[in-house]
Amino acid sequence: MVIMDLRIFTEPQQGADYDTLLSVARAAEELEFDAFFRSDHYLAMGDASGLPGPTDAWITLAGLARDTSRIRLGTLVTAATFRLPGPLAIQIAQVDQMSNGRVELGLGSGWFAAEHAAYGIPFPDNRFSLLEEQLAIITGLWETKPGATFGFEGAHYQLVDSPALPKPVQDPVPVIIGGNGKVRTPRLAARYATEFNMPFASITDSAAQFERVRAAVRAAGRTDDLIYSNALVACVGRTDAEVARRAAAIGREVDELKANGLAGSPAEVVDKIAHYRAIGASRIYLQILDLADLDHLELIAAEVGSQL
């Protein structure tokens, strides 16, 4: 049977300061979840106020690197539009050192135009090609041997005689690529990724995309396969009333959550996860939207994680 990792995935742009994120990360660590991940956004979505304001993903992870000891840490996903690839490679390598090798990088093209406008971040049309160059640069810098230099000549970025320092502890740092693109995304994952993630997708759509990625991996001549994962909203309760209470707290309907996420009793959630496992997923990112409800994490750990 495929081992299923459960990871906690948060959306701090909806309203969370560092202390709140630390409490969730420490609870996840104590409850033996595999990882704590966060989104990389600067603007709240929907009706959320976003108070007290956004936190930066990599500054948050740097703090957590020192304030936790075991749990893995990462982003779903860092936006390529937010940071230059050279400085981002330095930041991630430093956080990997600070955590003694517990960092993972999810990297995407960026999609939320409003947050770019709100904070003066350019939002170009050619974001996918920008993402592709960032992946080449970041992994190239990390792979360059000490004493050698790294250069890159692209349409978006040029690097000349970079010392390619510092180095992360891990070799390599796991890279996560995800999304629904049918051609370019699988090709990019086959070239650069350790893991392929399908966010908020059905079993049928996930199975089809996983097979596209597997085909791209074969076409690229890779001898190792990727880890395949899903990100799904979680809303678990021992009773119908508890599920309804948790759904209301995040502004969602129970039926919709059951259709599109992992919602219901522990037994219902374990059964649905089994269907994702059957198509090859070995990792689930549980999107936790009510960060004050640590009892939710305890329930999932005790009655869902223990059954996988």
Side-chain angles (χ1 to χ4, degrees), residues 38-42 56-62 65 73-113 115-116 119-179 181 183-197 216-217 220-222 224 226:
R38 59 156 294 161
S39 61
D40 191 2
H41 285 294
Y42 291 132
D56 182 84
W58 286 100
I59 290 176
T60 297
L61 295 179
L73 304 165
T75 53
L76 275 185
V77 290
T78 288
T81 49
F82 283 2
R83 300 167 182 87
L84 296 171
L88 181 58
I90 292 170
Q91 291 165 352
I92 297 165
Q94 184 177 7
V95 177
D96 199 49
Q97 292 172 1
M98 294 166 70
S99 68
N100 195 28
R102 293 186 283 129
V103 162
E104 304 186 13
L105 168 65
L107 190 63
S109 61
W111 63 270
F112 192 18
E115 71 186 337
H116 292 73
Y119 286 95
I121 304 167
F123 190 67
D125 293 331
N126 50 3
R127 294 185 304 282
F128 195 90
S129 61
L130 186 147
L131 167 64
E132 190 161 12
E133 289 193 14
Q134 288 215 358
L135 285 163
I137 292 166
I138 292 167
T139 58
L141 288 167
W142 291 339
E143 291 167 359
T144 300
K145 299 300 181 185
T149 60
F150 176 80
F152 184 85
E153 183 67 32
H156 307 286
Y157 307 107
Q158 297 79 41
L159 283 73
V160 179
D161 294 334
S162 172
L165 296 171
K167 299 301 184 193
V169 172
Q170 298 176 95
D171 184 16
V173 171
V175 172
I176 305 162
I177 294 173
V183 178
R184 295 188 300 175
T185 297
R187 175 181 57 78
L188 209 59
R191 183 170 181 183
Y192 293 108
T194 311
E195 175 183 338
F196 182 80
N197 178 262
V217 168
R222 282 183 64 161
D224 61 319
L226 307 186

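FYI, side chains are in, hydrogens and waters are out, and symmetry mates aren't considered; it's all heavy atoms of this structure. All figures in this text were calculated on a predicted structure; none of them were measured in a lab.
- Ser109 has its side chain out of reach of Thr81: every pair of non-hydrogen atoms, C-beta onward, lies at least 4.5 Å apart.
- The shortest distance between side-chain heavy atoms of Arg191 and Leu135 does not fall below 4.5 Å.
- Legend: salt bridge (charged side-chain N to carboxylate O under 4.0 Å, His left out) pairs involving residues 135-153, not counting sequence neighbours: none detected.
- Thr75 places no side-chain N or O within donor-acceptor distance of the main-chain N or O of Leu105, the cut-off being under 3.5 Å.
- Nearest heavy atoms, Ala113 versus Phe123: CB-CE2, 3.6 Å.
- Contact check for Asp171 versus Trp142: no side-chain heavy atoms found under the 4.5 Å cut-off.
- Looking only at side-chain heavy atoms (C-beta outward), Glu133 and Pro85 stay at 4.5 Å or farther from each other.
- In this structure a side-chain-to-backbone donor-acceptor pair under 3.5 Å is present from Arg127 to Gly110.
- By the 4.5 Å heavy-atom criterion applied to side chains, Phe82 and His116 are counted as neighbours.
- With a 6.0 Å radius and a threshold of 12 heavy atoms from other residues, nucleotides or ligands, Gln97 has its CD atom above the threshold.
- Considering only heavy atoms from C-beta on, Trp58 comes within 4.5 Å of Val103 through its side chain.
- Contact between Gly179 and Phe196 at its shortest, heavy atoms only, is O-CZ, 3.3 Å.
- Within the 4.5 Å cutoff, the side chain of Ile138 has heavy atoms near those of the Leu107 side chain.
- Between the side chains of Gln134 and Tyr157, a donor-acceptor pair is found at a separation under 3.5 Å.
- Note on residues 73-95: pairs passing salt bridge (charged side-chain N to carboxylate O under 4.0 Å, His left out), not counting sequence neighbours, are Asp40-Arg83, Asp56-Arg83.
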Stepwise, does the side-chain contact (heavy atoms from CB on, under 4.5 Å) test hold for Leu141 with Leu159? CA-CA 10 Å; Leu141 288 167; Leu159 283 73; 4.0 Å; yes

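- Shortest non-hydrogen contact noted between Asp96 and Pro168 is OD2-CB, 3.4 Å.
- Residues Thr144 and Ala164 share a closest heavy-atom pair of CB-CB, 3.7 Å.
- Pairs of residues two or more places apart, or lying in two chains, that qualify as ring-ring contact (aromatic ring centres under 6.0 Å, His included) and include a residue from residues 89-111 are His41-Trp111.
- A 4.5 Å side-chain heavy-atom check between Arg187 and Glu132 finds at least one atom pair inside the cut-off.
- Residues Val173 and Thr194 share a closest heavy-atom pair of O-OG1, 4.4 Å.
- Judged by distance alone, the side chain of Glu115 and the main-chain N or O of Tyr42 form a donor-acceptor pair under 3.5 Å.
- Taking each heavy atom of Pro186 and Gly181 in turn, the nearest pair found is CD-O, 3.0 Å.
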